[in-house]
There are 2 protein chains.
Amino acid sequence: MKELIGSPGTISGLFLRISQCAFAAASIGLMASATGFSSYTAFCYLIASMGLQVLWSFGLACLDIYAFRRKRDLLNPVLVSLFVVGDWVTAMLSLAAASSSAGILVLYARDLNFCKSQAYLPCNRFEISVLFAFLTWLLVSISSHVMFWILASI
Amino acid sequence: MKELIGSPGTISGLFLRISQCAFAAASIGLMASATGFSSYTAFCYLIASMGLQVLWSFGLACLDIYAFRRKRDLLNPVLVSLFVVGDWVTAMLSLAAASSSAGILVLYARDLNFCKSQAYLPCNRFEISVLFAFLTWLLVSISSHVMFWILASI
């Protein structure tokens, strides 16, 4: 089978996992440093979801490093099924978290115009945090598709 | 190849498409009949996204009926690739729309307690509409996975 970009145990796979970790951590950092985020359920959910993403991607990055150094093959059906389910669940949670936070931001910035009228709201931080969450989702969905493709091929 | 539940051109596939259409149409109907929905970008986006879903699912339901009556086989790679991309895009749009609307509803119902204090808001209608949108997403994501699986197998 041709090796796919982003397969587990390859440099591209490791790079994908590390990028997911980095974007998710940046999203958490920005959101947690914005004052008053804890009054919004959606923003707390974004932090929880990105936290889960960091744990998942970090775990798989470690597994990639292990497989790469020991030249182990991670492509057995049970392991790949686990990766598929995990990636799919975390991708859905990330997209849901990013979208629900984005929904609130659009409400505040456009519909109610709160970001201009209530200057104490750290809208910029919220926006960049949500942007990072969307980037995380994009990378996880790439991983998820690659894994699903591998699962269907082995 | 074993025939999968929900494959194009089968009764289960047709049933899945009709259910997607029905739930998406119910979501649009409930949202559009709620007063004041148009002040919220996220709710307008929900209607647009569910509208696209109705068109897509209805088109594929017609194709399923055609294939079923004429005993045609729809499983050629080009057609299935098109189904995969379409299902994936509409599933993502549906989840994003449902989540962003849910984010606003949670903000209003829990964080700000607007649903109790501002009785004119039709929160119940919004909630049921979002619930239908989530059900639509669930059905589309099933279709999307079945299609992706078929594409990887043919």
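Per chain, numbering begins at 1; letters A, B, ... match sequence-line order. It should be emphasised that the depicted structure is a prediction, and the values quoted were computed from it without experimental measurement.
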Test item: B/L30 and B/F132 side chains (from C-beta on) under 4.5 Å apart, heavy atoms = yes
Between A/L131 and A/F43, is there a shared hydrophobic cluster once you connect ILVMFWY residues whose side-chain heavy atoms come closer than 4.5 Å?
-> no
Closest contact, heavy atoms only, A/A32 versus A/F37 = O-CE2, 3.7 Å
Across chain A and chain B, what donor-acceptor pairs are shorter than 3.5 angstrom?
{"residue": "A/T41", "atom": "N", "partner": "B/D111", "partner atom": "OD2", "Å": "2.9"}
{"residue": "A/T41", "atom": "OG1", "partner": "B/D111", "partner atom": "OD1", "Å": "2.5"}
{"residue": "A/T41", "atom": "OG1", "partner": "B/D111", "partner atom": "OD2", "Å": "3.3"}
{"residue": "A/W88", "atom": "NE1", "partner": "B/H145", "partner atom": "NE2", "Å": "3.1"}
{"residue": "A/D111", "atom": "OD1", "partner": "B/T41", "partner atom": "OG1", "Å": "2.5"}
{"residue": "A/D111", "atom": "OD2", "partner": "B/T41", "partner atom": "N", "Å": "2.9"}
{"residue": "A/D111", "atom": "OD2", "partner": "B/T41", "partner atom": "OG1", "Å": "3.3"}
{"residue": "A/H145", "atom": "NE2", "partner": "B/W88", "partner atom": "NE1", "Å": "3.2"}

Any B/I5 side-chain heavy atom under 4.5 Å of B/V146 side chain = no
Residues at least two apart in sequence or cross-chain that pass disulfide (SG to SG under 2.5 Å) with B/C21, listed by chain then number, are none
So, the part of A/L112 with a heavy atom under 4.5 Å from chain B: the answer is side chain
Quick one: what part of A/A102 sits under 4.5 Å from any heavy atom of chain B, side chain, backbone, both or neither?
-> neither
What heavy-atom pair brings B/L16 and B/G6 nearest, and what distance separates the two atoms?
-> CD2-CA, 4.3 Å
Looking at side-chain heavy atoms only, is the closest gap between A/L93 and A/V89 below 4.5 Å?
-> yes
Given the options A/V106, A/L105, A/L95, which has more heavy-atom pairs under 4.5 Å with chain B than any of the others?
-> A/L95
